[in-house]
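Can you keep this structure in mind? I'll have questions shortly.
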Amino acid sequence: MSFIRRWITALVRLLFPNICLACNTELYAGEHLLCSRCRYSLPYTDHHLFIDNKVNRQLWGRIPSPNAMAFLHFRKGGRVQQIMHQIKYHHQTVLGAMLGSMAAEKLAASSQYQDIDLIIPVPLHWKRLRTRGYNQSECIAQGIAAYLQAPLNTNHLIRHSATSSQTRKNRYQRYENMKSVFAVCDETALKDKHILLVDDVITTGATIEACALELHRCGIRKLSIFALAFAD
Ligand SMILES: [Zn+2]
């Protein structure tokens, strides 16, 4: 999204706060955060129906038996990019939780995502958390946890070093950049558990790969992975 378009969107939102956070049209009574048209026509992936989905294919050979899905397709300049931008940079934490909850309905309907013991969001480094004030993946995870009635944990997996921006790196450089960034604090708490790891957007999968390898080290029973969006 261009700087000018972002600036105009921010201005429109300031003047007309009751507009759809994905497409900027005015909301009708009874609509909340997203208009009905967006709710019905967002680019949903239906990944939960196929084990052979694009996220799993991306992770094959990189982590043991990947069981992953994304809820939405991410396209540059599209409505999902606007949604992710709102969640990540404009404190729209309720939107994150709402979409998490909508996605949890799909998880609950899939045989691949049953009996989840613990939901863990991809952590931010404490410095980033302090600047932003919240972890966007945690907001999404809260919506999932509320729907599935499963516990959420933000202490077991930590990000112990800040990473430089990933945007200008290729896949190998991203992997190298992420290696050894995450650590598990209490390995026994994760032993034999089915963990659902939650991220906001998957691009190359380097972050998810680094978290997953760290979690698998702790003798977990199963790892499932969820992202709100997938940039393919
Ligand atoms: Zn809309």
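Numbering of ligands and ligand atoms starts at 1, following listing order.
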Practice task
With Ile120 as reference, evaluate Val198, Leu190, Thr154, Leu152 under the side-chain contact (heavy atoms from CB on, under 4.5 Å) test and give the passing residue.
Solution key: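 Considering Val198, Leu190, Thr154, Leu152, a side-chain contact (heavy atoms from CB on, under 4.5 Å) with Ile120 is found only for Leu190.
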Practice task
For Lys106, check side chain to side chain donor-acceptor pair (under 3.5 Å) against everything at least two apart and list the hits.
Solution key: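 Expected list: none.
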Practice task
Check the Zn ion (ligand 1) and write out every protein N, O or S atom at under 2.8 Å, as residue and atom.
Solution key: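 Checking every protein N, O and S atom gives Cys20 SG, Cys23 SG, Cys35 SG, Cys38 SG.
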Practice task
Indicate whether any N or O donor in one side chain lies under 3.5 Å from an N or O acceptor in the other, for Asp186 and Thr188.
Solution key: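 Yes, side-chain donor-acceptor contact under 3.5 Å.
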Problem - Phe230-Phe74 aromatic ring centre distance below 6.0 Å - result: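 Judged by ring-centre distance (under 6.0 Å), Phe230 and Phe74 do not meet the cut-off.
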Handout entry: Which residues share a side chain to side chain donor-acceptor pair (under 3.5 Å) with Glu105, sequence neighbours left out
Key =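 Residues passing side chain to side chain donor-acceptor pair (under 3.5 Å) with Glu105: none at all.
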Practice task
Report the hydrophobic cluster partners of Leu49, with the cluster defined as I, L, V, M, F, W, Y residues connected by side-chain heavy atoms closer than 4.5 angstrom, directly or transitively.
Solution key: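 So far as hydrophobic clustering goes, Leu49 is joined with Phe50.
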